[in-house]
Structure formats: C-alpha cells, structure tokens
Undergrad: 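Structure in structure tokens, see below.
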Protein chains: 4
Amino acid sequence: MKIKTKKENRREQIIKAAEEVFSKKDFLNSTISDVAKQAGVSDATIYEYFTSKEELLFSIPRENIENSKNILEDHLVYIKGASNKLRGIIYHLLSYYQENSDFAAISLMILKTNRKFMETEIYNYLREYYQIIIKTIEEGIESGEFKKDISPHFVRSVILGTIEFIVVRWLMKGAPADKTKPVESVDALFDLIVDGIKLENNLRDFKCRIILEPQDAPGK
Amino acid sequence: MKIKTKKENRREQIIKAAEEVFSKKDFLNSTISDVAKQAGVSDATIYEYFTSKEELLFSIPRENIENSKNILEDHLVYIKGASNKLRGIIYHLLSYYQENSDFAAISLMILKTNRKFMETEIYNYLREYYQIIIKTIEEGIESGEFKKDISPHFVRSVILGTIEFIVVRWLMKGAPADKTKPVESVDALFDLIVDGIKLENNLRDFKCRIILEPQDAPGK
Amino acid sequence: MKIKTKKENRREQIIKAAEEVFSKKDFLNSTISDVAKQAGVSDATIYEYFTSKEELLFSIPRENIENSKNILEDHLVYIKGASNKLRGIIYHLLSYYQENSDFAAISLMILKTNRKFMETEIYNYLREYYQIIIKTIEEGIESGEFKKDISPHFVRSVILGTIEFIVVRWLMKGAPADKTKPVESVDALFDLIVDGIKLENNLRDFKCRIILEPQDAPGK
Amino acid sequence: MKIKTKKENRREQIIKAAEEVFSKKDFLNSTISDVAKQAGVSDATIYEYFTSKEELLFSIPRENIENSKNILEDHLVYIKGASNKLRGIIYHLLSYYQENSDFAAISLMILKTNRKFMETEIYNYLREYYQIIIKTIEEGIESGEFKKDISPHFVRSVILGTIEFIVVRWLMKGAPADKTKPVESVDALFDLIVDGIKLENNLRDFKCRIILEPQDAPGK
DNA sequence: AATGAATGAGGCTTCATTCAT
DNA sequence: CATGAATGAAGCCTCATTCAT
C-alpha cells in the first residue's frame, strides 16, 4: 500500500468531514465552517486543499467508488453464472450503501441530481462501474440464462432504480438506526428480476389433460 | 366547474411560475425574485399568497397529484384484470412525468429528499395515491394472476424506483427535448415485472414426469 | 354630551385598537395590520382616518389626557389646602395610570422618549396639565405650608419621576395582573415628599439654650 | 491591567459605535449598517462579534455598569454616615449619566422598557448595583439618621425615578449641549429626600414667646 | 366609506472566499 | 502550512402605504 503524505492525509481528513456534514444537511445548507469544525481545521485551510466548496463535494465519491468497485470485483471472481453474479451485485450495492450511509446520502440525494457533477470525470468513472451490471446481463443472455429480447441497459435501470429507491427511503427515516435494512431486500429484488411476479403461468396456460382410454382386454 | 376567484388565479399563477423556476435551478439556488419575475409580480406579492419560500415549494405538488390521480382513476375503470391495470398504472406514471417535466423535476429532484416535506399533509396524500399500486397487486394475487409470495409493497418499490430512475435520467439530459421518452420504457418495465428475465423458466423448472403403471388385468 | 358622528366613532374605535396593540408590543413592532385586525377594519381604512402610523400613535393620548384632567379638576375643588391637594394629585396620577394601563404603557414607554411627539400640540397640552402640580406647590409656599426655598418645578419632577418609575416597573412585570398596585404607593410618596426621611430633624437641630442672669436687687 | 487582544479591542470598538448610533435614533430605527459605518467595519464583521443586533444592544450596558459601580464604590469608602453617602450616590448617578449621555440614552430610553433585557444576566447585575442604595438607607435607619418607618425599597424608587426623569428630560432636549446639567439637581433632590418640603413645622407648632419686662430703675 | 390587492424600499443575516501574518 | 480576520454579495422577508374598484 502506498504511503500517504501528510498532505494527502489532511486532504482525506477534510473529505471525511465533508462527507459527514453534507450527508446530514443538504449541500447548500452545509457551510464550509461546518466542515472545518468537523475536520478540526480552519475555514481557510480547506481552501488550501480545494479550490471551492463544490470541488470538495465532487471529491467525496471517488474513493468510495474505487473501494466499492474493488470489493465487488473481488467477490465476483468467486461466483459462477450470470444469475448468481447478478445476485452478488445486487447484494453488494445494497450492502455498500447500507454500510456507508453518509456516502449513500451524498451520492443519492445530492450528486444524483447535480448537473455539474455529471460532467465530471468521476461521474464517468461511476458509469463505467455500472457497466458491470450490463456485462453480467449480456453474459447471461449469451449463456442462455436470460431471455434474448431483454435490454441489459434497461435491466440495469430497474436494478439501480430499485436499489436507490430503497436506500433513499431508508435514509429518509432515521437510517442507519432504522431496523429494516436495505440488504434485506436482496432476494425480493433478485427473484422479481429473474422470475417476475406472474404466477407459474405455464401451469395455467397448458393444462394437462390426460385421457386414459380403457385398454381392450388383452384376451379379446 | 368551480369558478376561480381572482385570488385563486393569482395563486396558481405564482405556483406555475415557481414550478418553472425551481425545476430549472435547484430550490436553494432559485430566488423569490426569480419566481416573482417569472410570475410577473413583485417579490412582496408572493408573500401575500405564501408565508415562505418553502411553503410555496410545498404547494406545487398538490394540484399535480390531484390531477394525476384523477386521470389515472378515470382510465383504470376501463381496464379489467390486475395485470392489465398494472400496465395502465405504469404507463400513466411515466406519461404524467413526461408531460409535466417541471413537476417531475421538483417532485423527484427536490421534494423526494426533503425531510420536512415528508411531514407534510401533501406527502401523506401522495402515499395514499401510491396505494393504488399496492391494491392492484393485491388484487392480482387474489385473482391468481400474481404469485402469492410476493410483497405488494416491495413490487411498488420496484415500479416507482425504476420509473423515477428513468425519469430523472431523462430530466438530467436535456429533457423534454430529448428524443428517448420515458413512456417508451413502459413495456420493458411491465414485461420484466410480470415475467422476469429468466429464459422460459417454467419449461425448465417443471419437468414433466409421467409414470404409467400397468393396470392390473381387470379380469383377475 | 355631544353626539358623535359615525366617522368619529370609527375613528375612536381605531384609536382604541391602536392603544391595545401598541401597548402590548412596541410601536415599531406593531403593524398597521395588527391594529386593523384588532379594530375589525381593513388596513386601508385606517388610512382614511389617519395619514400615517405615527399620526395614529400621537392621536392616542389626547382623549386620555383630557379625561384625566377633567377627573382631577373635579376632585380638587373638593379639597382644601396645598398639602391635601398634593396628595390628591399623586393619588389621581397613580390611579389613572393603574386603571388605564394601555394608555400608561404608550405614554410612558413609547411617547415619553419620542422626540417628534415633543413637538406636538398634544405634548404641550400635557405640559399644561402638569402645571397643576406646580401651581399647587406654589400655593403651598405662599400659604406657608411649604418651604420658601424649594423649586416647584423640581418637586414636580420628583413626583412625576417617582410615579412613572413605579408605573413602568408595574407594567414591565405582568401588569395589570400584578397584585401590588401603583396606587398603594400614594402615602409613601406623599409622606416622603412632605416630610423627608430624616428623623425628627427639628428637635435635634434647634437646641434651646436659655440663660438667666440674676437681677440686681432693686432696693439696693 | 489586562492587555486586550485584538479581538477584544474590535469588539469594544463596535460596542462604542453601537452606543453612539443607538443613542441618536432608536434601536429599531438604527441599522446594522449605521453601526458598521460608525465603527468603520463592514456589516458582516459585526456578526463575527455578535450573533444578532439585539445581542449587540444588550452588550452595551455591561461595561458601563461595571465602570459606574467601581467609581461609586471607590468614592463611598471616603464618606462617613448614611446621609452623606446617600448624597454621594445621588451625585454619582446624575454625574455618570451626564458624562456618558449615550449610555444614558440607551439605558433609560431603550433598555428600560425592553422586556427581553429584563431576563438578561446583565439586568440582574444592574439590580444588584442598585442594592447599594437600599443598603445605605438601611444603614441610616439603623444608625438613627433616618426614620424607622420608611421603606428603603421605596426610597430607592424615588431616587432612581427622579434621577431618570431628570436625565431623560435633559436627553430629550439637546443634551449634552444643554446648559442645565443633571448634576445641578443633586442638592435639590438630596434635600427633598432628607427633609421634605414642609416648612420647619416645629418652629410653627411651638412658638416661642419671650416677654421682657422693663426693669425698674434702680435709683428710684 | 371601505377595502382587496399590490408593491417599493429596506433591514437583518449568512457565507463562500480572500489575504496578510 | 495554517489561520484569524474581514467582507462583498446576495437572499428572505416585512411593512407602511397606495389606488382602483
């Protein structure tokens, strides 16, 4: 592991503080002063490391995304089959947000709707990250696990949309103290994505009618 | 139809202006002056109709929700079967956001993460509105259209999560000018929810094993 | 008694309302709206009767002063002797403030320190009113009841100063609900003004020394 | 003497400016901008030292009260006898207001009728200060200088009421330019308090009649 | 005579940012 | 490196006052 310089440490200390502060209030309701206080430095010091409040905000996700990506890739090599991998991905995303609720709040409640952030290099990095979902679904299509006519891109939207919806709800009411954790939804989501909600339709559609005809008496 | 007083008209005019302004910038980056200018009144006039900037914000969704609810209910009476209704609901939600993109932006990018709004009466009204999804799914379970072991509440999260995800993406890049409209996702979402992504799952899962046992000779 | 026109009644109704409102908050913290609400008229109506908020304020004392003056004069004719009259005056001033605490608040806490009010005709009328104290003291000096070397003007300051101090204290803490009423101070004030606080001063100051010299015998 | 930090100096500079500004207009008619201009700093700077306009107002009296108290105590140790001390107190109060007319204006015309100020710690300190009057009168009663049946608390009201009345009058007309200074009233007030206004009554009540009879001529 | 409706003017307060030390 | 100190710019909100009806 790379040894960090003092400067880098101070930088991360400020980012950490910003993460905590921005996640509690909004971004616009948080002040540089709040962050400085939380970091134990002066307001001015923050400007030694970041040119503006916004740059500080945009600096928060990078490390988290890298971290999340590393963990996920670590796990996926252990898993075989697109379907199994997909469950692993869903589990990881829910779990990472759950365990890093400050990052989740900033990511889902601040950055997600920030147009400037979308033009950032970090945002591209995030998109790249989510390619892993698309890749997995494509893999499943090729292997015959998944239907041919589904759009991997769209399925990714369903997965991310649902996960984000669940996590935001959780954050909005007393997370992380809340008892019902996001991770608990992993199988509900996975099953629905894979199987849908329709009742075993074949059984209904293809009623089995077996007609037994009396056999002629053999000795006829 | 009820005739609106001058005062009500002016009120709606301001709400409309606020809707346009807040949806372009954030709430916090929008100013009362911006809204006043857009509405063609003075700053002070806004305070004749709303006690604070926040109250103005919270006043935006009411009419939209009522409107959306009315339209949806109108349509649903024409549709039979939980599955068909579900598609109608998905279609309507995507379509209403698409046709009212300012409201969509405010609803999904501002109010959704506003804790104070969640304590509002209007928010309760919204939750009530979404009960219709849950009711429909329950109906489908009872009628045998949907599986017994799914959670209607969770399915609602998938539907709303996906829809909101799609709409936010659309809003974030030049909507409503964007060529790919949210509504186009209606069948992808409906099919996925209903059928899942797994290939012909029933045919694989329920292998048919027919055992014919020799009948005892009748004349035994 | 003069019959009041509708207009005059409305005017007085507004003044009464203003008295109540201004006495509760300050003048500057009270709004025309508050007064209008209290009076049961619209804001605009107030401007039909008064050209400005300040004119409304300055209109409050007139009637009170006239009223107070009339009552006092009524009583004084029944009293003989400067000293007795003085006690009557003190009693009346304390009592009038006590019974008209809204007027007291406006008079002592708003108008007293308002430079513009001092240039008002009404203020002159008030000064004139207080001449009665000075007159009474002069009368006492002439009659030999009071010392020759006291300044009537100054004694008036002591009387008014003390009364106003007591009334303001009373107003500042929950008057008129407060149990200790201003009027209860009447004799303490009167006695102090008349007698001072020094113990039996004359008996100590004027020691009597009588020297008798023996007379020469006449028949010497 | 304690060396003041830069910050303390700046604080005092602002308080001084506020004292000058608030004493000229009212509190509510004075603006933070006025104070800032007078202090030679920006509006925002004031908020680095005081959390609100009101806190700034309430910060004005503290130093003055401390100062006034110190001076008075300094002098009182040189004076013997309750009566003499009382005169010293009256002299000092008149004199301190006279020499610090801005403070006098704020104290007597703004704070005196401010209910919130009455709940302040500083206000309690002020009440404590005025205990010295009560103590002195009690001392006089015990020593036999003053009557037994007077209320020290009430006498304090007469003294403060008169002083405040006189000072306010002085402030209301062109103080401190005015030629008649508050201090000039010291003996009038002292004498009245001590002796009252009644003509030396003993001399009237006990008329001395000395009759000299002509002596018979010795050589008759 | 009364008022509903509108607003210009202005004040308090906040905060990101700068810079000399 | 770090920061204490200062501020320009800006926003929300209030309210006395006006005027057409």
Side-chain angles (χ1 to χ4, degrees), chain A residues 5-7 10-11 14 27-36 39-56, chain B residues 5-7 9-11 14 27-36 39-56, chain C residues 5-7 9-11 14 27-36 39-57, chain D residues 5-7 9-11 14 27-36 39-56:
Chain A
T5 64
K6 219 186 210 168
K7 189 138 192 177
R10 179 58 64 101
R11 209 186 128 87
I14 293 171
F27 174 64
L28 277 153
N29 282 319
S30 304
T31 69
I32 286 290
S33 243
D34 292 338
V35 176
V41 300
S42 76
D43 291 26
T45 297
I46 289 180
Y47 285 87
E48 294 284 324
Y49 294 87
F50 304 91
T51 62
S52 75
K53 191 184 169 192
E54 202 171 48
E55 202 215 285
L56 172 56
Chain B
T5 65
K6 212 180 194 179
K7 198 132 193 175
N9 278 329
R10 179 55 62 103
R11 208 185 130 87
I14 293 171
F27 173 63
L28 279 153
N29 282 319
S30 306
T31 70
I32 285 291
S33 262
D34 293 338
V35 177
V41 299
S42 76
D43 290 27
T45 296
I46 290 181
Y47 286 91
E48 291 286 318
Y49 293 85
F50 303 92
T51 61
S52 73
K53 192 185 169 193
E54 200 172 48
E55 204 215 282
L56 172 55
Chain C
T5 65
K6 219 187 209 169
K7 190 138 193 179
N9 277 330
R10 181 56 65 101
R11 209 185 128 88
I14 293 171
F27 173 64
L28 277 153
N29 283 319
S30 304
T31 68
I32 287 289
S33 243
D34 292 337
V35 177
V41 300
S42 77
D43 291 26
T45 298
I46 290 180
Y47 285 88
E48 294 284 324
Y49 294 86
F50 304 91
T51 62
S52 74
K53 191 184 169 193
E54 201 170 48
E55 202 215 285
L56 171 56
L57 170 65
Chain D
T5 65
K6 214 179 193 177
K7 198 133 195 177
N9 278 329
R10 179 55 62 102
R11 208 186 131 87
I14 293 170
F27 173 63
L28 279 154
N29 282 319
S30 305
T31 70
I32 286 290
S33 262
D34 292 338
V35 177
V41 299
S42 75
D43 290 26
T45 296
I46 290 180
Y47 286 88
E48 293 286 319
Y49 293 85
F50 303 92
T51 60
S52 72
K53 193 185 169 192
E54 199 172 50
E55 203 215 283
L56 172 55

Undergrad: Quick one: stems involving DNA chain E, counted as three or more successive Watson-Crick or G-U pairs, both distances short of 3.5 Å.
TA: E:2-21 with F:2-21
Undergrad: What nucleotide among dA6(E), dA2(E), dC1(F) has an atom nearest to a side-chain atom of Y49(B)?
TA: dA6(E)
Undergrad: At what distance, to the nearest 0.5 angstrom, does CG of D43(D) lie from CG of D34(D)?
TA: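 Between atom CG of D43(D) and atom CG of D34(D) there are 9.0 Å.
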Undergrad: Starting at CG of D34(B) and ending at P of dG11(F), how long is that distance when rounded to a whole Å?
TA: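 Rounding to the nearest Å, CG of D34(B) and P of dG11(F) are 7 Å apart.
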Undergrad: Under 4.5 Å between any side-chain heavy atoms of V41(D) and E48(D), yes or no?
TA: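 Side chain of V41(D) against side chain of E48(D), heavy atoms only: no contact under 4.5 Å found.
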Undergrad: How close or far is atom C1' of dG4(F) from atom CD1 of I46(A), stated in whole angstroms?
TA: 15 Å
Undergrad: Reading nucleotides 14-21 of chain F from the 5' end, what letters show protein touch, with B for base, S for backbone sugar-phosphate only, - for no heavy atom under 4.0 Å?
TA: BBSBBB--
Undergrad: What is the distance, to the nearest angstrom, from the CG atom on N9(D) to the P atom on dG4(F)?
TA: 18 Å
Undergrad: Rounded to the nearest 0.5 Å, how far apart are CD of E54(C) and CG of L57(C)?
TA: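 Answer for the CD-CG pair, E54(C) versus L57(C), is 7.0 Å.
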Undergrad: Let me confirm one number: the CG-NZ distance from L28(C) to K53(C), rounded to the nearest 0.5 Å.
TA: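 Output value for this atom pair is 5.5 Å.
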Undergrad: Please report the shortest heavy-atom distance between R11(A) and Y49(A), naming the atom on each side.
TA: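 For R11(A) versus Y49(A), the nearest heavy atoms are NH1-O, 3.4 Å.
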Undergrad: Apply side chain to side chain contact (heavy atoms under 4.5 Å, CB included) to Y47(A) and I32(A), showing your working.
TA: CA-CA 10 Å; Y47(A) 285 87; I32(A) 286 290; 3.7 Å; yes
Undergrad: To the nearest 0.5 Å, how far apart are CZ in F27(C) and OG in S30(C)?
TA: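 Reported value, rounded in 0.5 Å steps: 8.0 Å.
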Undergrad: Within the structure, does a side-chain N or O atom of R10(D) lie under 4.0 Å from either OP1 or OP2 of dG4(F)?
TA: no
Undergrad: Starting from P on dG11(F), measure out to CZ on F50(B) and report it in whole angstrom.
TA: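 Going from CZ in F50(B) over to P in dG11(F) covers 20 Å.
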Undergrad: Do you know which two heavy atoms are closest between I14(C) and V35(C), and how far apart they sit?
TA: O-CG1, 4.1 Å
Undergrad: Given atom CD1 of I14(D) and atom P of dT7(F), what is their separation to the nearest angstrom?
TA: 9 Å
